[in-house]
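Take a look at the structure below.
Just so it is clear, the model here is predicted, and its values are computed rather than measured. Every chain is numbered from 1 and lettered A, B, ... according to where its sequence line falls, protein lines coming before strand lines.
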Amino acid sequence: MFSRDALAERSASASRLTADHPRNAVTANLVSAAVVRPYNLPWRRKQGGRMAEKITPRATNYADWYQDVVKEAGLAENSDVRGCMVIKPHGYAIWEKMQRALDRMFKDTGHVNAYFPLFIPRHFLEKEAEHVEGFAKECAVVTHHRLIAGPDGKGLVPDPASKLEEELVIRPTSETIIWNTYRNWVQSYRDLPILLNQWCNVVRWEMRTRLFLRTAEFLWQEGHTAHATQQEAEEEARRMLEVYRTFAEEWMAMPVLTGPKSEGQRFPGAVYTLCIEALMQDKRALQAGTSHFLGQNFAKVFGVQFQDREGKLELAWATSWGVSTRLVGGVIMTHGDDQGLVLPPRLAPLHVVIVPIFKKPEERTAVLQAAEQLAAAIRNVPLREWLNYEPVVVKVDDRDQYQPGFKFTEWEVKGVPIRVELGPKDLEKNACVLARRDRPGKAGKEMGVPLTGAAARIAELLKEIQAGLFEKARQFRDANSYEVNSWDEFKAKIDEPGGFLWAHWDGTRETEDRIAAETKATIRCIPFERKNEAGKCILTGSPSEGRVVFARAY
RNA sequence: CGGGGCGUAGCGCAGUCUGGUCUAGCGCGCCUGCCUUGGGAGCAGGAAGUCACGAGUUCGAAUCUCGUCGCCCCGACCA
């Protein structure tokens, strides 16, 4: 336990670090500007300007909108540690949902979980040349193992006597330490394949950070597999990409393109990198997951050899694949609206909130009783399989200190898929009001839903919302994808309207780099789903065998 | 690492130029009570700050000087 003083000191320093946040000042300006926007939502009028809008509209400033949603929905906040976030319960609950669904899919494809150390001896990292170059610049390094009092007797400094013989690097990814271990595990083809995954944190010393999208420390899973043949490893890389695609589309309701990365975007140390790539509402791309075929690069440098059936010594073939807490950012930016977070039901930590309404004490009793009954019925709807064998989560918001209107707004900001409004007028008719989060305001309300059928209707609605969110996102993605045929058109369209630009490219690193330098657009992927179509590179005019997808990316 | 900005209550800010009126205010939030509850309620009372830190100038410093620390933004870099 912390002492009272220690806690006071902590909170004092927390305030110091956030109070001077200039972005807040900017946001405040935008927020007050937002108050004068057209009142398309009738109930806002009642506020009389007292209660400022807390969420910047997306059209005003998308980056501020994102920050506001993360904050107001209680997903995460900046910590006192530079570049690192505190993931708050609601945000972590979403990550837990993702973990559970993915973990089941990994297990279903034959993988098991394990755990490797946070610390990696420097010389491990030095072994694979490309890998070194890719990560060297962004590593946190442990140099000492003890603190002593400072020279003036105050504070603590690393004890010079405790300097480590060899520095330890905080893992930016675990290929090296895992393949160093695999060396001892693999002697025979019978030891293969190794199909292993770990859930853990990693650190990449990013200079500029954004909550969930890019932080110095983040949570992820990294799968590391070893195989006897190239074909098997390539199949594995492809299989796990398909797992990611399925998860993104069926759980996150986020449509993705799949395909290899260009050379310039490849993972350091990989032979090739496959990715899932999504389009956010501001028409910037988000790399949402990657699956790498690593060839024999790591087996070679860590000496992972085995004897095949004929007794010949062979090097093992490797894959690695990962998704991170960045996906939470992807959900926010795929589905969120100006009211706040919108969660796809299959990832929602809370599916249904029941807001009781009453005036007199006897009304309170009757309403709360009916609310609990309804909650129990909802908990029994047959959605367990669809929800990864987890229950439908229902909450009766019986807090006395807040009025219904406040609760409506609060649960909307937090993205709860369905709200039930239940008051005396409803009870007279044995009915309730259902409000779906994916259609805010009056448009999403179903009045007079009979209490006896409400649970069944809610089960339907949850599935409808999940499907609807995906469909809406897919339409958005398709509506913001363009085939572009000239350099001038490319330069114009990447600025306005933006989005996924399908264009011919001559396949060279030089051209890719030039395009990036001039437009900040990168090749997001070379989609599997592209058609065979000969053409000419938009920049150089050299022959191209098919279009690749360009976008500005997170 | 270069350029800019900012550190005053839990959060957002005013006060700093031009030292005394600051025994440091305001809004939101928080606590108590009353009242309210179908789209972010209202009234009354209250708690809460070593004005980032250190040294100096001065009769007197949130305010002036010097130093230190921290954070944010832009750029380079990147999941």
Side-chain angles (χ1 to χ4, degrees), chain A residues 8-29 31-32 41-55 63 71-72 77-83 134-138 155 172-173 202 204-210 212-216 218 220 222 261 265 267-268 273 275-277 285-290 322-327 329-330 339-340 355-361 363-364 367 399-413 419 421-426 432-433 435 440-442 445 447 522 553-554:
Chain A
E9 168 53 33
R10 276 164 173 253
S11 66
S13 78
S15 75
R16 213 178 301 131
L17 296 181
T18 46
D20 52 342
H21 201 300
R23 196 204 295 113
N24 288 336
V26 172
T27 307
N29 287 337
V31 166
S32 52
L41 302 169
W43 57 84
R44 301 261 183 226
R45 242 175 259 142
K46 277 197 154 180
Q47 299 317 308
R50 284 221 53 189
M51 183 78 72
E53 292 279 357
K54 289 182 172 168
I55 297 176
K71 182 179 172 207
E72 297 301 325
E77 58 191 42
N78 281 306
S79 74
D80 282 7
V81 185
R82 173 197 180 79
F135 288 104
K137 281 179 287 186
E138 50 185 37
T173 179
V202 287
R204 296 177 188 178
W205 210 259
E206 301 293 347
M207 303 197 191
R208 300 201 52 202
T209 60
R210 302 186 69 186
F212 291 115
L213 300 174
R214 172 167 291 107
T215 47
F218 56 96
W220 79 346
E222 46 181 327
K261 284 286 187 193
Q265 301 287 322
F267 173 78
T273 290
C275 68
I276 57 171
E277 201 76 22
L286 185 76
Q287 177 175 304
T290 47
V323 296
S324 72
T325 37
R326 172 176 251 205
L327 291 180
Q339 271 62 53
V355 178
I357 298 155
F358 47 79
K359 290 192 174 78
K360 304 170 211 153
E363 285 174 349
R364 182 192 146 95
V367 167
R399 293 175 299 173
D400 284 327
Q401 68 269 38
Y402 299 113
Q403 294 177 292
F406 179 91
K407 294 176 182 176
F408 293 174
T409 313
E410 177 169 272
W411 294 116
E412 268 171 14
V413 171
R419 179 182 67 243
E421 302 171 15
L422 189 61
K425 287 186 224 164
D426 303 298
C432 62
V433 175
K442 281 252 157 66
K445 285 201 186 191
M447 317 295 235
T522 48
Y554 275 98

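OP1 or OP2 of A79(B) has not a single side-chain nitrogen or oxygen of Gln287(A) nearer than 4.0 Å.
Going from the C1' atom of G3(B) to that of C11(B) covers 30 Å, rounded to whole Å. Taking atom C1' on both A48(B) and C30(B), the two are 9 Å apart, rounded to the nearest angstrom. U58(B) and U16(B) are spaced 24 Å apart, taking the P atom of each and rounding to whole Å. Rounded to the nearest Å, the gap between the C1' atom of A14(B) and that of C26(B) is 7 Å. Here, G60(B) and C13(B) have their C1' atoms 27 Å apart, quoted to the whole Å. When the C1' atom is used for both C72(B) and G20(B), the distance is 34 Å, rounded to whole Å. Taking atom P on both nucleotides, U23(B) is separated from A61(B) by 11 Å, rounded to a whole Å. Remark: the separation of the C1' atoms in C34(B) and A41(B) is 14 Å, to the nearest Å.
Between Tyr402(A) and Phe406(A), the ring planes lie parallel to each other; the angle is under 30°, not in the 30° to 60° tilted range.
Between the CD atom of Gln401(A) and the C1' atom of C34(B) there is a distance of 17 Å, rounded to whole Å. Atom pair Glu206(A):CD and C77(B):P shows a separation of 13 Å (rounding to whole Å applied). Taking atom CG on Leu286(A) and atom P on C78(B), their separation rounds to 17 Å, with Å as the unit. Atom CZ in Arg210(A) sits about 13 Å away from atom C1' in A79(B), given to the nearest Å. For Lys360(A) and U36(B), the NZ to P distance is 12 Å, given to the nearest whole Å. One atom, CD of Glu72(A), and another, P of G12(B), lie 12 Å apart when rounded to the nearest Å. In this structure, Glu77(A) atom CD and G12(B) atom P are separated by 12 Å, rounded to whole Å. Between the P atom of C78(B) and the NZ atom of Lys261(A) lies a distance of 13 Å, rounded to the nearest Å.
The side chain of Arg214(A) approaches A79(B) more closely than any other nucleotide in the set C30(B), A79(B), G40(B). Of the candidates U37(B), G40(B), A79(B), the closest approach to any side-chain atom of Gln403(A) belongs to U37(B). Across C78(B), G38(B), A79(B), the shortest atom-to-atom separation from the side chain of Glu421(A) is found for G38(B). Closest approach to the Lys359(A) side chain among A79(B), G40(B), U37(B) is made by U37(B) (side chain taken as heavy atoms from C-beta onward). Looking at the side chain of Ser324(A), the nearest of the listed nucleotides C30(B), A79(B), G38(B) is A79(B). Picking from A79(B), U37(B), G38(B) the nucleotide with the shortest atom distance to the side chain of Arg326(A) gives A79(B).
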- Task: For side chain to side chain contact (heavy atoms under 4.5 Å, CB included), just list the numbers for Glu77(A) and Lys71(A), CA-CA rounded to whole Å, side-chain angles, deciding distance to a tenth of an Å, and then say yes or no.
- Result: CA-CA 7 Å; Glu77(A) 58 191 42; Lys71(A) 182 179 172 207; over 6 Å; no
- Task: Report the C-alpha distance between Phe135(A) and Thr173(A) in whole Å, list the side-chain angles of each, state the deciding distance to 0.1 Å, and finish with yes or no for side chain to side chain contact (heavy atoms under 4.5 Å, CB included).
- Result: CA-CA 9 Å; Phe135(A) 288 104; Thr173(A) 179; 3.7 Å; yes
- Apply the test side chain to side chain contact (heavy atoms under 4.5 Å, CB included) to residues Phe218(A) and Arg204(A): give CA-CA distance (whole Å), side-chain angles for both, the deciding distance (0.1 Å), then the verdict. CA-CA 8 Å; Phe218(A) 56 96; Arg204(A) 296 177 188 178; 4.1 Å; yes
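Proximity of Cys275(A) to Thr290(A): side-chain heavy atoms (C-beta onward) are separated by under 4.5 Å at one or more points. In this structure, Asp400(A) and Arg364(A) have side chains that are in contact, with non-hydrogen atoms separated by less than 4.5 Å.
In this structure, Val355(A) reaches neither bases nor backbone, as no heavy-atom distance under 4.0 Å exists between it and the strands shown. Within 4.0 Å (heavy atoms only), Arg419(A) reaches at least one base atom of the nucleic acid. Within 4.0 Å (heavy atoms only), Thr215(A) reaches at least one base atom of the nucleic acid. Counting any heavy atom pair closer than 4.0 Å across all strands shown, Asp400(A) reaches no nucleic acid atom.
Here C71(B) sits opposite G5(B) as a Watson-Crick or G-U wobble pair (both hydrogen-bonding atom distances under 3.5 Å). Base pairing analysis places C17(B) opposite nothing; no Watson-Crick or G-U wobble pair with both distances below 3.5 Å involves it. Taking a pair to require two hydrogen-bonding distances under 3.5 Å in either a Watson-Crick or a G-U wobble arrangement, G56(B) pairs with C64(B). Under the Watson-Crick or G-U wobble criterion, with both distances below 3.5 Å, G45(B) is paired with C31(B). Pair assignment for C26(B): G12(B), on the basis of Watson-Crick or G-U wobble contacts that are both within less than 3.5 Å. As the counterpart of U36(B), no nucleotide is assigned, since no Watson-Crick or G-U wobble pattern has both distances under 3.5 Å.
Checking Tyr554(A) against Asp426(A), the closest nucleotide of RNA chain B that is more toward the 5' end is the one next to Asp426(A). Along RNA chain B, the nucleotide closest to Glu410(A) and the one closest to Phe358(A) are compared, and the more 5′ of them pairs with Phe358(A).
Geometrically, Arg419(A) engages Phe408(A) in a cation-pi contact, judged by NZ or CZ lying under 6.0 Å from the ring centre and within 45° of the ring axis.
Side-chain atoms of Thr273(A) come within 3.5 Å of backbone N or O of Phe267(A) as a donor-acceptor pair.
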